[in-house]
Amino acid sequence: MEIKIREFHPGDEAAFRRLNEEWITRYFVLEAKDSYSLEHPQEAILDGGGRIFLAFDGNEAVGCCALMALAPGEFEVAKMAVTETRQGFGIGRKLLQHVVDEAEASGATRLYLETNQKLVTAITLYESLGFRHLRREEITPSPYARANVYMERRAPILISSPPE
């Protein structure tokens, strides 16, 4: 299995929707905000300064992840999915690392995400890539009924040494 990750292209809408509906309906129910984002990724994510990445095994889309612009230098990591038959092969880690790298290369200093305590494997992945848990008083209430875990990753602040 050779996984390649690339940015969303016109025509990827069906794959983005399929991957997300698969995991959401396995654990939860589709909410209005999900439906809008999945039916209109251009308007809901891309037009607002966000990005979507897809992981491919050959010609098959097997994973996806979006960066939704929140504020200058801040993005929400959202709509991350790996198709069930390809889980456990490191695709999610590779995809999330790519998304983090792309966000930080574009100047992002903060990445935020919301998830659910049922998704233990996902939470473990987020923690392993430097996301830390937030307390409820540190967050803006989520529009998602299923969200009950909130995390962020701050880009390292590079401090240069004074010239000698």
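When reading the values below, keep in mind they use all heavy atoms of this one structure, side chains included, and skip hydrogens, waters and symmetry mates. Remember, predicted model here, so these are calculated numbers, not experimental data.
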Novice: Ignoring hydrogens and geometry, is there a side-chain-to-backbone donor-acceptor pair from S37 to D34 under 3.5 Å?
Specialist: no
Novice: Supply the atom-to-atom distance F75 CZ to M68 CE, rounded to the nearest 0.5 angstrom.
Specialist: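 Rounded to the nearest 0.5 Å, the CZ-CE separation comes to 11.5 Å.
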Novice: To the closest 0.5 Å, what do you measure between CG (L54) and CG (L19)?
Specialist: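 Here the rounded value is 7.0 Å.
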Novice: Looking just at side-chain N and O atoms, do R146 and T115 make a donor-acceptor pair shorter than 3.5 Å?
Specialist: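 No, because no side-chain N or O of R146 sits under 3.5 Å from a partner of the opposite role on T115.
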Novice: Would a distance-only check, ignoring hydrogens and angles, find a side-chain to backbone donor-acceptor pair under 3.5 Å from R18 to A61?
Specialist: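 Here the side-chain-to-backbone pair exists.
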Novice: Given the rule that I, L, V, M, F, W and Y join up when any side-chain heavy atoms are under 4.5 Å apart, are L113 and I24 in one cluster?
Specialist: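 Not linked; separate clusters.
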Novice: With salt bridge (charged side-chain N to carboxylate O under 4.0 Å, His left out) as the criterion, how do D12 and R17 come out once you've worked through the C-alpha distance, each side chain's angles and the decisive distance to 0.1 Å?
Specialist: CA-CA 9 Å; D12 289 336; R17 182 179 183 96; over 6 Å; no
Novice: For the pair E31 and K33, find out whether any cationic side-chain nitrogen is under 4.0 Å from an anionic carboxylate oxygen.
Specialist: no
Novice: Taking all heavy atoms of M80 and all of N20, pick out the closest pair and write down the distance.
Specialist: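 Here M80 and N20 meet closest at N-OD1, 4.1 Å.
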Novice: Taking A55's backbone N and O only, do any of them form a donor-acceptor pair with K4's side chain (distance below 3.5 Å, no angle check)?
Specialist: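 No, because the side chain of K4 does not come within donor-acceptor range (under 3.5 Å) of the backbone of A55.
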Novice: Between T83 and E22, is any side-chain donor less than 3.5 angstrom from a side-chain acceptor?
Specialist: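 E22 and T83 do have a side-chain donor-acceptor pair below 3.5 Å.
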Novice: Between L67 and Y126, is there a shared hydrophobic cluster once you connect ILVMFWY residues whose side-chain heavy atoms come closer than 4.5 Å?
Specialist: yes
Novice: Examine L95 and V100 and state if one hydrophobic cluster contains both, with Ile, Leu, Val, Met, Phe, Trp and Tyr joined whenever side-chain heavy atoms are less than 4.5 Å apart.
Specialist: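 The answer is yes; both residues are in one hydrophobic cluster.
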Novice: Taking 4.0 angstrom as the limit, do R153 and E104 come out as a salt bridge?
Specialist: yes
Novice: OG/S128 to CZ/R93 distance, rounded to the nearest 0.5 angstrom?
Specialist: 3.5 Å
Novice: To the nearest 0.5 angstrom, please state how far the SG atom of C64 sits from the CG atom of L38.
Specialist: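 Here the interatomic distance stands at 8.5 Å.
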Novice: Hey, any chance L111 and L129 share a hydrophobic cluster, counting ILVMFWY side chains that come within less than 4.5 Å of each other, even indirectly?
Specialist: yes
Novice: I'd like to know if E21 and K79 make a salt bridge, using a cut-off of under 4.0 Å between side-chain N and carboxylate O.
Specialist: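 Salt bridge between E21 and K79, a charged N being under 4.0 Å from a carboxylate O: no.
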Novice: What orientation do Y112 and Y150 show, parallel under 30°, tilted 30 to 60°, or perpendicular over 60°?
Specialist: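 The rings of Y112 and Y150 lie parallel, inter-plane angle below 30°.
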Novice: Calculate, to the nearest 0.5 Å, the distance between atoms CD1 and CD1 belonging to I91 and I3 respectively.
Specialist: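 Interatomic distance, I91 CD1 to I3 CD1, rounded to 0.5 Å: 4.0 Å.
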Novice: Any side-chain heavy-atom pair from R154 and R132 closer than 4.5 angstrom?
Specialist: no
Novice: Going by heavy atoms in the side chains, are I52 and C65 under 4.5 Å from each other?
Specialist: no
Novice: Same cluster or not: F8 versus I5, using hydrophobic residues (I, L, V, M, F, W, Y) connected whenever any side-chain heavy atoms lie under 4.5 Å apart?
Specialist: no
Novice: Examine the side chains of E13 and H40 and answer whether a donor and an acceptor come within less than 3.5 Å of each other.
Specialist: no
Novice: Ignoring hydrogens and angles, tell me if any N or O in the side chain of E74 forms a donor-acceptor pair with the backbone of A71 under 3.5 Å.
Specialist: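 A pair under 3.5 Å: no.
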Novice: Is the number of heavy atoms from other residues, nucleotides or ligands within 6.0 Å of CD (E2) greater than 12?
Specialist: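 Incorrect, the count does not exceed 12.
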Novice: Just verifying a value: how many Å separate F16 CZ and I45 CD1, rounded to the nearest 0.5 Å?
Specialist: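 F16 atom CZ to I45 atom CD1 measures 4.0 Å (nearest 0.5 Å).
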Novice: Considering all heavy atoms of both residues, which atom of S142 and which atom of A147 are nearest to each other, and what is their separation?
Specialist: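 Here S142 and A147 meet closest at OG-CB, 3.5 Å.
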Novice: Using only atom types and a distance under 3.5 Å, with no angle test, would you say the side chain of Q87 pairs donor to acceptor with the backbone of V82?
Specialist: yes
Novice: For W23 and E84, what are the C-alpha separation, side-chain angles and deciding distance, and is it a side chain to side chain contact (heavy atoms under 4.5 Å, CB included)?
Specialist: CA-CA 8 Å; W23 80 264; E84 189 173 17; over 6 Å; no
Novice: Which heavy atom of V149 sits nearest a heavy atom of M151, and at what distance?
Specialist: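 Distance-wise, the nearest heavy atoms are CG1-CG, 4.1 Å.
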Novice: Side chain to side chain contact (heavy atoms under 4.5 Å, CB included) for N116 and Y27? Distances and angles first, verdict last.
Specialist: CA-CA 10 Å; N116 184 282; Y27 296 103; over 6 Å; no
Novice: Using the rule side-chain contact (heavy atoms from CB on, under 4.5 Å), only one of R110, E114, E152 pairs with E76; which is it?
Specialist: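 Exactly one pass, corresponding to E114.
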Novice: Quick check: does any side chain N or O of N148 sit under 3.5 Å from a backbone N or O of Q117, one acting as donor and the other as acceptor?
Specialist: yes
Novice: For the residue pair R6 and F56, establish whether any side-chain heavy-atom pair is separated by less than 4.5 Å.
Specialist: yes
Novice: Does any part of the side chain of L125, heavy atoms only, come nearer than 4.5 Å to the side chain of F131, both counted from C-beta?
Specialist: no
